[in-house]
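Position 1 is the first residue of the sequence, and the numbers go up from there.
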Amino acid sequence: MARFVIREVTTGVKFDLLAPNGQDILTSGVYVCEAACRKGIASVVKNAAAAGVADQTGNENPAVKNPRFEVYRDRAGEYRFRLKARNGEIIAFSDGYAGKVGCLEGIESVKKYAPRAEIEEI
């Protein structure tokens with residue numbers, strides 16, 4: 001089963017969304033407390049289902065309203081995505097993918113697993 005894993009880091013609390021195979025799909029920024037982190041998880045669940053995809057890797061960039069997943073290339077040339085809430089704030093982001101297809105599959109995994117994922121604290 002997929003799960004959100006909440007963990008403490010030196011600067012606060014963050015979460016990861018893990019697929020059933022344990023692979024990290026999505027990571028949050030750092031929150032000041034666990035309650036705020038749990039709100040971030042709720043925001044992923046709420047926004048991922050309604051989010052469109054804005055591909056920022058090509059020449060054409062059709063407008064996609066928030067909430068949305070933004071696909072982009074990082075400085076190393078890897079494909080990544082970030083999930084933005086209705087207010088435009090970044091909720092969470094992915095690791096790098098070698099190809100765009102893998103990145104898009106990562107987005108589909110978030111949409112599929114986030115609504116049913118359990119929450120676990122470590």
Shared hydrophobic cluster for I119 and V13 (ILVMFWY, side-chain gaps under 4.5 Å) = yes

Under 3.5 Å donor-acceptor, S43 side chain and K39 backbone = no

request  = Report yes or no: does D16 contribute a side-chain atom to a donor-acceptor pair with the main-chain N or O of L18 at less than 3.5 Å?
outcome  = no

ask   = What orientation do F4 and F15 show, parallel under 30°, tilted 30 to 60°, or perpendicular over 60°?
value = perpendicular

message = Under 4.5 Å between side-chain heavy atoms, counting indirect links through other Ile/Leu/Val/Met/Phe/Trp/Tyr residues: same cluster for Y72 and F81 or not?
response = no

message = Could you check whether any side-chain heavy atom of F69 comes within less than 4.5 Å of a side-chain heavy atom of L104, counting everything from C-beta outward?
response = no

inquiry  = Strictly by salt bridge (Lys or Arg N to Asp or Glu O under 4.0 Å), give each pair with a member in residues 77-87 just once, sequence neighbours left out.
reply    = E70-R82, E70-K84, D74-R80, E78-R80

query = With hydrophobic residues grouped by side-chain heavy-atom distances under 4.5 Å, do V110 and V64 end up in a single group?
reply = no

Shortest non-hydrogen contact between I25 and Y97, atoms and distance = O-OH, 4.4 Å

query = For atom NZ of K46, is the number of surrounding heavy atoms from other residues, nucleotides or ligands below 6.0 Å larger than 12?
reply = no

message = Taking atom CD as the centre, does Q23 end up with more than 12 heavy-atom neighbours from other residues, nucleotides or ligands that are less than 6.0 angstrom away?
response = no

message = Is there a path of hydrophobic side-chain contacts, each under 4.5 Å between heavy atoms, that joins F93 and I107?
response = no

query = What closest approach, in Å, do P67 and N47 show between heavy atoms, and which atom pair accounts for it?
reply = CB-OD1, 3.4 Å

query = Which heavy atom in A85 sits nearest to a heavy atom in N66, and how many Å separate them?
reply = O-CB, 3.2 Å

task = Step through the shown structure and confirm whether more than 12 heavy atoms of other residues, nucleotides or ligands are within 6.0 Å of CD on E8.
result = no

message = If you compare all heavy atoms of R116 against all heavy atoms of M1, which two are closest, and at what distance to 0.1 Å?
response = O-CE, 3.9 Å

inquiry  = A side-chain contact here means heavy atoms from C-beta on lying under 4.5 Å apart; do D55 and K100 qualify?
reply    = yes

message = For the CD1 atom of I41 and the CD1 atom of I91, what is their distance to the nearest 0.5 Å?
response = 11.5 Å

ask   = Are there more than 12 heavy atoms of other residues, nucleotides or ligands under 6.0 Å from atom NZ of K14?
value = yes

Heavy-atom closest pair, residues V45 and P115 = CG1-CA, 4.1 Å

